[in-house]
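Take a look at the structure set out below.
Lettering follows sequence order; numbering is per chain, from 1.
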Amino acid sequence: MNRRLVVAGLLATVAAALVTGAFVLDPAGGGDGGPAERDARMVPAPGSNVKAHGRVVVDGATWYLTSFEDLDGNYCLAEHYPGGGVGTGCASPKELFARSALWAGAGSTQDPGETGRWAKAWVSGRAAPVVERLELTLSDCSRIPVRLDADRVFLHVMSAEQLRRSTLPARLTAFGADGTKVESLAVDLGPSGPWSTPFPSEPQKPCR
Amino acid sequence: MAKALLVAIGAAVALAVAPTASADTLCAATTAFTQNHEFHFLTFTWTYKSYWFLGTPYDAYRYRADGTIAYQKTKLSGGEWTYTNGTTNAWRETAIYENDNALAQYTMRQWAYGGTSCT
């Protein structure tokens, strides 16, 4: 009897492996040479401290960030958008500030049928310990202080009114404790694609 | 022995159904090279999650069928990014645009939620 159960167990294991194949071993069905199923591992590790940051209400809608350590020990920052969308990026502690004092990005969205303009735009990220103050220069050369929280995480969302004036994020500038500039990153929201006109956000003339 | 085989088949089916019932459906995927501010696209499918990776600065996109951008993310230092609109599939095309001239390898994938169809 026990022998039969052992045989059945072995057969079940082999059959399950054959039947499920890629689904069990490769849930994303990848195998295309890219980073091995990283998308499935960009989630909080068991026991990871999921911390909320930068809650802002813009045009009546709430935006916020969460930070956590993922299943591979990377630092992750997730953007939580009104309506339930979530964007997540992760980097190893070694990679985080390897290229820049700002681990940062920008985002934007259009309303359906409105190819000519952005409906929302935002910047977010985390600053290296050397950064004391952060400033966002807009495409009209106006400057907005961007608040860094205790973990040097930041989120700034442009209101619909700002975007109606065709004002877009153009540059993120980081300053050290002594006021010196430690980083300056151009923020170009990028071309909108082959179907519509581009959205250059860099000012036509250099800002003073 | 026949009984053992039946038990084995039953167990295999049970094991097979469980993971596939909850696994997302991969709708489109690519890993290739990009250079000189090129755009690259996946196809339109019923999509709830997209994944991008490029080691150089890039823009990640999800387009609607009318050509508008449902979602755009600029990664100033490159790296990986995912976007999910909760558990709801929407008719989306995932795209990537390299904000650089360097020859670099990118990856994009897009999924339908759970075992739902991409089409």
If we count only N and O atoms by modelled type, under 3.5 Å, do the side chains of [X] and [Y] hold a donor and an acceptor together?
X        : Y        : answer
A:Gln162 : A:Thr167 : no
B:Asp59  : B:Thr74  : yes
B:Ser77  : A:Ser100 : no
B:Glu98  : B:Thr56  : yes
A:Ser184 : A:Arg171 : yes
A:Tyr75  : A:Asp70  : no

Chain A: which of B:Tyr48, B:Tyr58, B:Tyr71 shares the most heavy-atom pairs with it under 4.5 Å?
B:Tyr71
What parts of residues 49-68 of chain A touch chain B if we use heavy atoms and a cut-off under 4.5 Å?
none
Among residues 81-92 of chain A, which residues come closer than 4.5 Å to chain B, judged by heavy atom distances?
A:Tyr81, A:Gly84, A:Gly85, A:Val86, A:Gly87, A:Thr88, A:Gly89, A:Cys90
In residues 123-134 of chain A, what donor-acceptor pairs under 3.5 Å come from side-chain atoms, sequence neighbours left out?
from	atom 1	to	atom 2	distance (Å)
A:Ser124	OG	A:Glu79	OE2	2.3
A:Arg126	NE	A:Asp151	O	3.3

Using 30° and 60° as the class boundaries, would you call the ring planes of B:Trp91 and B:Phe44 parallel, tilted or perpendicular?
parallel
For the residue pair A:Trp103 and A:Phe97, establish whether any side-chain heavy-atom pair is separated by less than 4.5 Å.
yes
Could you give all pairs that pass the disulfide bond (SG atoms under 2.5 Å apart) test and reach residues 34-74 of chain B, with sequence neighbours left out?
none
Please rank A:Ser108, A:Ala104, A:Ala121, A:Gly107 by heavy-atom pairs under 4.5 Å with chain B and give me the top one.
A:Ser108
